[in-house]
Every structure is written in structure tokens, then in C-alpha cells.
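For reference, the structure discussed in these notes is given below.
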Amino acid sequence: MPSAVVTRFAPSPTGFLHIGGARTALFNWLYAKHTGGTMLLRIEDTDRERSTDAAIAAIIDGLTWLGLDWEGQPISQFARAARHREIALELLARGKAYRAFETPEELAAMRDKAKAEGRFARYDGRWRDRDPSEAPAGAASVIRIKAPLEGETIIHDCVQGRVAFPNKDLDDFVILRADLTPTYMHAVVVDDHDMGVTHVIRGDDHLTNAARQSIIYEAMDWQAPEWAHIPLIHGPDGAKLSKRHGALGVEAYRDMGYLPDALRNYLLRLGWGHGDDEVISTAQAIAWFDLDAVGKSASRFDFAKLENLNGHYLREAASARLVDEVAPRLEKQLGRPLTALARSRLAAGMDGLKARAKNLVELAENAVFYVIDRPLPLNPKAEQILS
RNA sequence: GCUCCCAUCGUCUAGAGGCCUAGGACACAGCCCUCUCAAGGCUGGUACGAGGGUUCGAAUCCCUCUGGGAGCGCCA
């Protein structure tokens, strides 16, 4: 019997859960559900400078709002540093890695020189075959992996197919820093292995990382997971999604009045399709979703379509649920709690209200009429019509 | 610069050699329905990036070009 599928979503807590991350999480979640497996959550917080608790909270909030859940407690990558160090040392002992004593300044100089010569910087392996005894006394060292010099590294990807990288382009990257903390490249491999991850589903900006990471798997004689590198989401202008476009946190979409159901459906259809189906329930998504149907090309974020889908889910939503959603928005606008009377009027009007709004903001605007004090203030135009 | 990836309507996509004078959805325009606005119905325009092959036949296979994207840190 094949082992059960284990996927993981592994965001770095340096900001909110952005839309691309949300889709990656969704795909991981759907694939796990589809196969009867589990999804794990790992927080990649090894960058102590940039990681914040607020970001962790925002990510967890975002996932929860989207209705995506994971098995067990979130795993802190930082907390596993000792284990990462242990494996780095083992790689060293196995002769698969080596200590390198160059200084950051030396490295920077190397890069500048390469750039000046019109080449691009790759570590030259200057310590690969030198004996550590040649190191200047007291010099700090990092541990670098001994990457193969010739041939190619092949990645068999569920989405991208077979992708080959010439090994001459993969340099001896650092796995353990001078301060003994692991680099991302190394920590990911150790964690995915230890967590029993069978399928790594992530953005295709990690495709070349898969080649590097497979070098570590190889060196440890570990079995590499199945890879699935999904295309990135671009902004409406085709450029990489930036803060200027829709690279907002999912909570921004919540604030803009989108329902999680709509955002999920929309994100699912970005890069994945199932015939002519557009409105897809979660149950259907779980039944239908598979990695081989994920497209290979990047897609652009289109608010109009999200809006349309949102209108659909709004119409379908139970009125009571929408009252709960809209009431806080109205209270915020009014600056006071809704009276029981106002709330009941709102509930009574909801069936009509939800039929014509595209998002909760609009719905709240249209609902103001139901909850403000009587008599209703008339604007000049209304006065004129009435008279 | 090097490596890798991608390429069907404005956008998301269906399409895995003949079912394609290329289908659906969003958006757009017009009409219908309607006390308004939505929703709904109908109609319309708009796409296989270019050039070469292979084949009786190519959106689908191959090559080149062009255009987009990603990666090349003691960041993740």
C-alpha cells in the first residue's frame, strides 16, 4: 500500500498571507483532501530579522478565514535549528559538504569582479578541495554542499514535467551559516524529510531550488518528494504581482467584502480548470482537483471575475450569515451598536439586499437605509421627486 | 549575461492530429424581461504570437525567431 499523501504549506512570516500564497495553500489543501492525505503547516521563520509574530498570526488568520485547515500544530522551522545543524555536520562527516572560510567581503568582491567582467556570480568553490588547516587562525566558516560539477540534475515535476539543469550552473551553496543557523535551502530539505512530506507543491519560482534541494536529498540518501511547481500569479499588467496590484493580504479581500467561498473558487480557477465548470463547490473541488490538470503558464489576477463570482456566492448565501457579516460593518459606520429593531429590519430586508450586491461593502451601503433612525434624511433630489 | 519555464478571445480557460468555419466563463455592446437596480434570457464582436517543417490533414508534433516570466545571497 502506497504511503498516504502529506503536503505542506510553508510560508515565511515576513508579511501577510498574500494571494499567491493563498492559492498555494489552497492547492496543497485540495490535493491532500483529494488523496485522503494530510496537509501540514510549517512557518519558515529562520530569518530572525524579518520574521514577526504578527505575520504568523496574520497568516493563520488568513488561512482560517479561507477555510483551510492543517494537521496538528504549526511547525516552527527556527525551533528545529539544532536538527538542521546535526544534518549539516553529518553531510560534512560524509564528505558531501565542506567548510569554507571566505569572508562575506571576499564573496562580495568576487561578485563585483564577475559582474564587471560581464559574467554572473557563482561561488567558485575555492575551499572545496582545500584543507581546513589552511584557514586563517580563528576565521569563521560556513558549511557548503559539494554539488556535482558535471552532468545534470533532473527534476520530475508533476506540473512542469521533466526539467533538466546543467550541474555546472548549480554552485556549492551554503547550508550552514557562520553563526551556525541553517539556510533556507537546507532547512527545507531536512524539515520536509522529517515531516514525511510526500508532495511539495509550491510556486514555480522555486523550481531551480528543487534542483539544489535534490542535491541534499541525494547526499543524505533520502528519497526526494514529488515536486509540483505551480505557475505564479501576475498582476493585471502581466508583471509579477506586486503591492501595487493585488498582492494584498487575504484580509484585504475580506475587508473589500469578498466571501471566502468566492475567493477560493476564483483562486482555484486560476491555473486550473475542469472542462467548462466555473462555479465549483468545495466538495466538487476536492473530488476533481489533481496536479496534472494544473496549467503551466502564469495567469493574471482579474478583479472583475472575482467580483462576479462573489455576487454569485452572495446570492447563494444564507441571509442570516450575511446579517452577521454586514452588521459589524454598519456598526462601524454608525459608530454605535445596531438596535434590535434595526437588526430585525436588516434581517427582513436581506433577501432583497443580497440579490443586488457584488460585495459586502456594497451590501452594507445599500443596507444603511434599513438601520438608520427615522425619519429618513432626504437628499435634495429626493425632496424634489417627492414634492 | 547564464540556466530554466511559458505562449488559444482584453482576462481565466476548454482543446492531448481530423469532432474546431476553435467551446465556456468574466468583461464589453445591443435587445428582451422588469416600478428602479441587480439577477435571468437572447444576440454580437474579439483569439490559436511569427516563420519554417512533419503529415492526406496541426491550435494540437518538431525547429527557429519573437514576446513574457522565474531563478542565479551566509533572503526565504
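Computed from a prediction, not measured in an experiment: that's the story for all the values here. Chain naming here is simple, since letters A, B, ... match the order of the sequence lines and numbering starts at 1 in each.
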Could you check whether the rings of His186(A) and His84(A) sit parallel, tilted or perpendicular, using 30° and 60° as the cut-offs?
perpendicular
So what does Val142(A) touch, heavy atoms closer than 4.0 Å: a base, only the sugar-phosphate, or nothing?
base
Just by distance, do the side chain of Asp45(A) and the backbone of Gln77(A) share a donor-acceptor pair under 3.5 Å?
yes
Is it possible for you to check whether Arg144(A) lies under 6.0 Å from the centre of the six-membered ring of Phe173(A), through NZ or CZ, and within 45° of that ring's axis?
no
In whole Å, what separates the C1' atom of rA47(B) from that of rG30(B)?
22 Å
Output the single nucleotide from rU11(B), rA76(B), rG73(B) whose closest atom is nearest the side chain of Asp302(A).
rU11(B)
Would Phe27(A) and Phe289(A) count as a close aromatic pair, with their ring centres under 6.0 Å?
yes
Any strand, both distances under 3.5 Å, Watson-Crick or G-U wobble: rG67(B) pairs with rC6(B)
Could you walk me through whether Asp261(A) and Arg321(A) pass the salt bridge (Lys or Arg N to Asp or Glu O under 4.0 Å) test, one step at a time?
CA-CA 13 Å; Asp261(A) 321 48; Arg321(A) 171 186 169 194; 3.0 Å; yes
For the pair made of CH2 in Trp272(A) and P in rC12(B), what is the distance, rounded to whole Å?
17 Å
Are the side chains of Leu268(A) and Leu30(A) in touch, meaning some heavy atoms are under 4.5 Å apart?
yes
Side-chain (Asn359(A)) to main-chain (Tyr258(A)) donor-acceptor, under 3.5 angstrom:
no
Assign Leu306(A) to base, sugar-phosphate, or nothing according to its heavy-atom contacts below 4.0 angstrom with the strands shown.
nothing
First of Glu44(A) and Asp204(A) reached from the 5' end of RNA chain B, by closest nucleotide:
Asp204(A)
Between rU13(B) atom P and Asp277(A) atom CG, what is the distance in whole Å?
15 Å
Any side-chain N or O of Ser299(A) under 4.0 Å from OP1/OP2 of rC12(B)?
no
Base, sugar-phosphate alone, or nothing: which one does Ser51(A) contact when heavy atoms must sit under 4.0 Å apart?
nothing
Report which part of the nucleic acid Ala304(A) touches: base, sugar-phosphate, or nothing (heavy-atom distance under 4.0 Å, all strands).
sugar-phosphate
Which nucleotide, in any strand shown, forms a Watson-Crick or G-U wobble pair with rA76(B), with both distances under 3.5 Å?
none
Test for a donor-acceptor pair under 3.5 Å between the base of rG71(B) and the side chain of Asp205(A), counting only N and O atoms.
no
Can you identify which nucleotide, out of rC26(B), rC2(B), rG73(B), has its nearest atom closest to the Arg122(A) side chain?
rC2(B)
Whole-angstrom distance between rA50(B) and rA58(B), as gauged at atom P
15 Å
Leu232(A) vs Glu102(A), nearer the 5' end of RNA chain B by closest nucleotide
Leu232(A)
Against the side chain of Thr208(A), the closest entry in rC2(B), rG71(B), rC74(B) is rG71(B)
Paired nucleotide for rC19(B) [Watson-Crick or G-U wobble; both distances under 3.5 Å]:
none
Identified pairing partner of rU60(B), criterion: Watson-Crick or G-U wobble below 3.5 Å
none
Residue Pro104(A), side-chain heavy atoms: nucleotide from rU36(B), rC74(B), rA76(B) that is nearest
rC74(B)
When all nucleic acid strands are considered with a 4.0 Å heavy-atom cut-off, which category describes Ala164(A): base, sugar-phosphate, or nothing?
sugar-phosphate
Is it true that Phe301(A) and His234(A) have ring centroids separated by less than 6.0 Å?
no
Would you measure the distance from the P atom in rG23(B) across to the matching atom in rA70(B) and give it in whole Å?
33 Å
Under 4.0 angstrom between Lys296(A) side-chain N/O and rC6(B) OP1 or OP2
yes
Nearest-angstrom distance, P atom, rU54(B) to rA22(B)
27 Å
Which base sits across from rC31(B) as a Watson-Crick or G-U pair, both distances under 3.5 Å?
rG41(B)
Out of rG40(B), rC12(B), rC5(B), minimum distance to the side chain of Leu270(A) belongs to rC12(B)
What's Asn209(A) touching, base or sugar-phosphate or nothing? Going by heavy atoms closer than 4.0 Å.
base
Which part of the nucleic acid, if any, lies within reach of Glu362(A) when heavy atoms closer than 4.0 Å are counted: base, sugar-phosphate only, or nothing?
nothing
Using a 4.0 Å heavy-atom cut-off, does Gly271(A) contact any base of the nucleic acid, only the sugar-phosphate backbone, or nothing at all?
sugar-phosphate
Give Glu278(A) one of three labels, base, sugar-phosphate or nothing, depending on what nucleic acid heavy atoms sit under 4.0 Å from its own.
base
What's the CD-C1' distance between Glu49(A) and rG73(B), to the nearest Å?
15 Å
With a non-hydrogen cut-off below 4.0 angstrom, is Arg269(A) in contact with a base, only sugar-phosphate, or nothing?
base
Paired to rA25(B) by Watson-Crick or G-U wobble criteria (both distances under 3.5 Å) is rU11(B)
From the candidates rA76(B), rC74(B), rA25(B), the one with an atom nearest any side-chain atom of Lys305(A) is rA25(B)
From C-beta outward on Asp169(A), which listed nucleotide comes closest to its side chain: rC74(B), rU3(B), rC12(B)?
rU3(B)
Assign Arg50(A) to base, sugar-phosphate, or nothing according to its heavy-atom contacts below 4.0 angstrom with the strands shown.
base
